[in-house]
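Data block below; observations after.
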Protein chains: 2
Amino acid sequence: MRGHRSEANVSGKLFGNGERRRAEDRRVRRTRRLLREALVALILEKGYDKVTVQDVLDRADLGRATFYAHFRDKDDLLVSGFEELQESLREHLARVARPSRADVDPSGGGIGLAGALFDHAGQQRRLYRVLMGRRGGAAVFKHARGQFTVLVREHLEEAVANRQAAPPVPLEVTVQYVVSAFLGLLTWWLDSDPPYTGEQMGRMFEQLVIPGVRAGLGPRL
Amino acid sequence: MRGHRSEANVSGKLFGNGERRRAEDRRVRRTRRLLREALVALILEKGYDKVTVQDVLDRADLGRATFYAHFRDKDDLLVSGFEELQESLREHLARVARPSRADVDPSGGGIGLAGALFDHAGQQRRLYRVLMGRRGGAAVFKHARGQFTVLVREHLEEAVANRQAAPPVPLEVTVQYVVSAFLGLLTWWLDSDPPYTGEQMGRMFEQLVIPGVRAGLGPRL
DNA sequence: GTAAAAGCGAACAGACTGTTCGGAAATTCT
DNA sequence: AGAATTTCCGAACAGTCTGTTCGCTTTTAC
């Protein structure tokens, strides 16, 4: 019952004995799992804002002190779920997505980056809905948006790296455009549950957004 | 001290005596103005979520009971500011925007719809930041998004009214795309304060988004 | 000037937060 | 299996915020 999540795994890659990625005390795993499950269920029922720590406690059937032994507050608990998802996404992308610049130049072998993301979201729909949907917590959404913005910015910077003229639209504006369009379509898809597959959403996203990106970045060299 | 805002102005277009839009009790005006000003200032300082009714009361220097005589809760107060802004926007649009379909066919006399919106936001920057920016309240943002979605949907439905073939991308997807891109650029512009005028932002928005809309709606007839 | 409306301020019950404690229970290590 | 450690429990706590009530005072409209 030492500290909070922030302290966990400080040791990095070194572990005490033979077993890699040493499992924590079973009670700890159990408690955290129960808390996360309770939170997710409650968010889907009432929306993040209306869920209190008290609700989570009651649902998970755990003591108050126990919660604060593991998480600083409600946000902290939600973020822990987000980090888990991030790991899963990383693996998914490595498996299905085309190597690079997929969102600017959709001609490679795998599906595009956007498609891969929609795909992953479709598989983990429940969790995505909680983290990214309208019922979810704004804090995590902002966090995710930030990460995603960095990703897109890198892609587009690479795309205009060796041009001479400045693009017709400032790069940052185009970045914001892409991110907004993507997240907007994603959350709409998650929340209103239309009959399109993740792959279809990815294709539609590309049809809509890529022409604008081309226009924003300027003539290809 | 009867009821809340919801009851106000029920009479619609009929007023008791000669004066149109009869002014309310001066104390009422004063109180509401003080509350709104306090809320706006506090949101810009701390962000909507962290502002409590108590804060607003202290800042406005009003009694607790007085607040609840006018507004149901914090959200209600914020929404009242939103409605005020909406009125102002309506007038602004009537004055500067091109008549219709401005976002699909940017060739008319005035500036485009998007440009007009950016323009208005630039003039009322402070209030817009509070209502639409990241520090603002999610509830109002959702509300605004809803209204704006209806507007865009109508425009696009009109644009595809007499086609025979279905568009390559379902209309609703295109609608969500346009709304997301617009609101994304708007909030970014409001929050991070880049050196572009509202008119410039409107033009950039059109450069980025219109190609996608054309692709999404399909070949023009 | 009078009557009606609005503001005041104090007090209230209810909910939630985040922290503390010692004792009870589970788990790990040997 | 037994000892040492870690975690959980549960109750209680001070503190904050909400939304409502009440009788009294002030301001306003007519």
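Every chain is numbered from 1, with letters handed out A, B, ... down the list of sequences.
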I'd like to know if Arg64(A) reaches the base of dG18(C) with its side chain such that a donor and an acceptor end up less than 3.5 angstrom apart. yes
Go through dG18(C), dC9(D), dA11(C) for me and flag the one nearest to the Ala65(A) side chain. dC9(D)
Which nucleotide in the set dT19(C), dG7(C), dC8(D) lies at the smallest distance from any side-chain heavy atom of Arg27(A)? dC8(D)
Under 4.0 angstrom between Tyr68(A) side-chain N/O and dT19(C) OP1 or OP2: no
Would you say a side-chain N or O of Arg26(A) is under 4.0 Å from OP1 or OP2 of dT27(C)? yes
Side chain to side chain contact (heavy atoms under 4.5 Å, CB included) against Val160(B), all qualifying residues, sequence neighbours excluded: Arg163(B), Leu171(B), Leu217(B)
5'-most contact on DNA chain D (nearest-nucleotide basis), Asp61(A) vs Lys74(B), goes to Asp61(A)
Using heavy atoms and a sub-4.0 Å distance, could you list which residues of residues 40-59 of chain B are near DNA chain D? By number, please. Thr52(B), Val53(B), Gln54(B)
Consider only side-chain N and O atoms of Arg36(A) and Ser80(A), and report whether a donor and an acceptor are under 3.5 Å apart. yes
May I have the distance from [X] (atom [atom1]) to [N] (atom [atom2]), rounded to whole angstrom?
{"X": "Leu62(B)", "N": "dC8(C)", "atom1": "CG", "atom2": "C1'", "result": "10 Å"}
{"X": "Asp25(B)", "N": "dA4(C)", "atom1": "CG", "atom2": "C1'", "result": "10 Å"}
{"X": "Asp76(B)", "N": "dT18(D)", "atom1": "CG", "atom2": "C1'", "result": "15 Å"}
{"X": "Leu77(A)", "N": "dG18(C)", "atom1": "CG", "atom2": "P", "result": "12 Å"}
{"X": "Asp73(A)", "N": "dC16(C)", "atom1": "CG", "atom2": "C1'", "result": "13 Å"}
{"X": "Arg29(A)", "N": "dA26(C)", "atom1": "CZ", "atom2": "C1'", "result": "13 Å"}
{"X": "His70(A)", "N": "dT19(C)", "atom1": "NE2", "atom2": "C1'", "result": "16 Å"}
{"X": "Phe67(A)", "N": "dT20(C)", "atom1": "CZ", "atom2": "C1'", "result": "17 Å"}

Would you say that Leu42(B) contacts Tyr48(B) through its side chain, given a criterion of any heavy-atom pair below 4.5 Å between the two side chains? no
Kindly indicate whether the side chain of Leu62(B), heavy atoms from C-beta on, has any atom under 4.5 Å from the side chain of Leu35(B). yes
Quick one: do Arg33(A) and Glu37(A) make a salt bridge, cutoff under 4.0 Å? yes
NZ or CZ of Lys74(B) within 45° of Phe67(B) ring axis and under 6.0 Å: no
Could Arg134(A) and Phe141(A) be counted as a cation-pi pair, given that NZ or CZ must be under 6.0 Å from the ring centre and within 45° of the axis? no
